Amino acid sequence: QRDGPRRPPRGDPGDRPGTRRVDRPPDLRRRHHRRGESARGPAHDRRTPGGSGDGFFENGLTVEDDITLDFDTTMRFEENLYIKNGATLTIKPGNRLHFGSGDSLYVEPGGKIIAQGTEDEFIFFDDQSQLGAGWPGIVIEGDGSNLEHVIVQHAGFAVDGGLRQPALEIRAQNITVEDAGIRYNEYTGIKADETPSGTASSFTLRSSTIFENGQSGYGRGIDARKTVATIRNTEVRDHDNGEIGGVGVHFGYGSSSPAF
């Protein structure tokens with residue numbers, strides 16, 4: 001085992017317990033999408049929205065075709081980021097995606113996200129304030145998605161009248177999470193459950209650190225329900241679950257053949 005990613009991501013305060021980022025991103029060059037506008041282009045157009053400056057999506061973004069997001073550093077979303085059936089969203093190393101209060105990243109069945117950072121340039125998924133949970137998190141219902149060298153933090157905003165939202169919710173098959181840090185989230189770090197069709201999900205978690213989740217007093221590192229999980233070379237620690245103490249890995253109803 002090792003303590004998460006091999007080295008602290010560039011520009012990140014590191015793996016110090018209790019550390020929260022307090023710096024603010026620079027003023028953003030606004031890149032507006034008209035309400036209802038999507039990122040769909042011609043079938044041959046694998047566009048790369050980005051360029052100099054940071055990205056601002058006032059009305060969120062709906063991805064309906066294969067595109068790559070590549071801004072200098074930061075992308076801000078004031079509404080949800082949707083990846084639709086048949087579309088793949090690729091995110092380049094070093095980018096930061098910051099979500100507003102109540103806004104999340106949702107990969108629909110048939111959609112896919114490929115977020116592959118590097119050892120020196122992690123990809124961040126974060127709350128806009130970078131101080132506490134203001135966004136629900138990531139929901140993946142599209143098979144084959146890949147998160148590598150990523151940080152998911154400050155998620156778990158309570159939705160639907162108090163529903164506890166995990167930072168990363170997996171409801172798909174063949175999901176890979178590698179060299180990741182899932183940290184400082186209000187509730188559970190990773191939750192895996194059945195797919196929308198009712199079959200068991202499946203995921204592989206490698207070389208990652210899941211730590212200091214449950215900031216609200218209710219947290220599990222990994223909550224595996226109806227899923228097939230493979231977990232290797234991963235540390236799960238320091239979760240707060242109120243009076244009963246933290247729970248590292250929980251295999252609930254329907255979980256099948258966990259491999260460590």
Side-chain angles (χ1 to χ4, degrees), residues 9-12 25-100 102-108 110-128 130 134-155 167-168 172 175-182:
R10 187 169 64 185
D12 185 72
D27 292 337
L28 304 180
R29 289 182 57 186
R30 291 175 173 255
R31 298 176 180 270
H32 295 281
H33 286 256
R34 295 186 300 275
R35 182 169 295 278
E37 182 180 0
S38 74
R40 184 175 179 84
H44 65 277
D45 181 14
R46 296 177 179 269
R47 295 185 297 167
T48 303
S52 62
D54 298 331
F56 180 76
F57 296 88
E58 183 179 27
N59 299 312
L61 179 65
T62 298
V63 177
E64 296 181 319
D65 203 354
D66 294 356
I67 66 170
T68 299
L69 291 180
D70 185 17
F71 288 84
D72 282 355
T73 54
T74 304
M75 288 169 270
R76 279 188 172 181
F77 294 87
E78 291 295 335
E79 293 187 15
N80 294 321
L81 168 56
Y82 291 103
I83 305 172
K84 307 292 281 187
N85 179 22
T88 297
L89 174 65
T90 301
I91 303 173
K92 291 290 189 178
N95 281 276
R96 292 172 176 262
L97 284 72
H98 291 178
F99 293 86
D103 303 321
S104 60
L105 191 164
Y106 177 49
V107 184
E108 295 186 358
K112 185 182 296 185
I113 181 171
I114 304 296
Q116 292 178 308
T118 67
E119 186 174 340
D120 295 319
E121 292 187 299
F122 274 59
I123 296 170
F124 280 74
F125 299 91
D126 200 353
D127 172 56
Q128 284 196 18
Q130 304 175 46
W135 68 296
I138 301 171
V139 179
I140 299 178
E141 294 184 347
D143 295 346
S145 292
N146 190 332
L147 304 178
E148 183 176 343
H149 287 102
V150 301
I151 300 290
V152 182
Q153 61 186 12
H154 303 149
L168 174 59
I175 305 302
T176 300
V177 180
E178 186 170 0
D179 287 294
I182 314 294

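Given the structure is predicted, the values throughout are model-derived calculations rather than measurements.
- In this structure, I114 CD1 and T176 OG1 are separated by 8.5 Å, a value rounded to the nearest 0.5 Å.
- Interatomic distance, OG1 of T118 versus NZ of K92, reported as 11.5 Å (0.5 Å rounding).
- Side-chain contact between Q128 and E78 is present, with at least one heavy-atom pair separated by less than 4.5 Å.
- Nearest heavy atoms, I91 versus I113: CD1-CD1, 3.9 Å.
- When every heavy atom of V177 is checked against every heavy atom of A180, the shortest pair comes out as CG1-CB, 3.6 Å.
- When the options F125, Y106, F56, F57 are evaluated for a ring-ring contact (aromatic ring centres under 6.0 Å, His included) with F77, the one that passes is F57.
- Using the six-membered ring where Trp is involved, W135 and F99 have ring planes that are parallel, under 30° apart on the 30 and 60° scheme.
- Between G117 and I123 the shortest heavy-atom distance is N-CD1, 3.6 Å.
- If you take NZ on K112 and CG on N85, they are separated by 12.0 Å, rounding to the nearest 0.5 Å.
- In this structure, R96 CZ and M75 CE are separated by 11.0 Å, a value rounded to the nearest 0.5 Å.
- Atom CG of L81 sits about 7.0 Å away from atom CG of L97, to the nearest 0.5 Å.
- Shown here for D127 and H98, the closest heavy-atom pair between the two residues is O-CG, 4.1 Å.
- E148 CD to D179 CG: the interatomic distance, rounded to the nearest 0.5 Å, is 6.0 Å.
- Between A155 and G137, the shortest heavy-atom contact is CB-CA, 3.9 Å.
- In this structure, D66 contributes its side chain and T88 its backbone to a donor-acceptor pair below 3.5 Å.
- Looking at every heavy atom in both residues, P136 comes nearest to G102 through CD-C, 3.4 Å.
- Every residue was checked against the ring-ring contact (aromatic ring centres under 6.0 Å, His included) condition with Y82, not counting sequence neighbours, and none meets it.
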Original post:
Step by step, would you call L147 with I140 a side-chain contact (heavy atoms from CB on, under 4.5 Å)?
Top reply: CA-CA 11 Å; L147 304 178; I140 299 178; 4.2 Å; yes
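- In this structure, N95 and L69 have side chains that are not in contact, with every pair of non-hydrogen atoms separated by 4.5 Å or more.
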Subject >> E64 vs K84, salt bridge (charged side-chain N to carboxylate O under 4.0 Å, His left out): CA-CA, chis, key distance, verdict >> reply: CA-CA 5 Å; E64 296 181 319; K84 307 292 281 187; 5.7 Å; no
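- Between L105 and the choices N80, I138, L168, L61, the side-chain contact (heavy atoms from CB on, under 4.5 Å) rule is met once, by I138.
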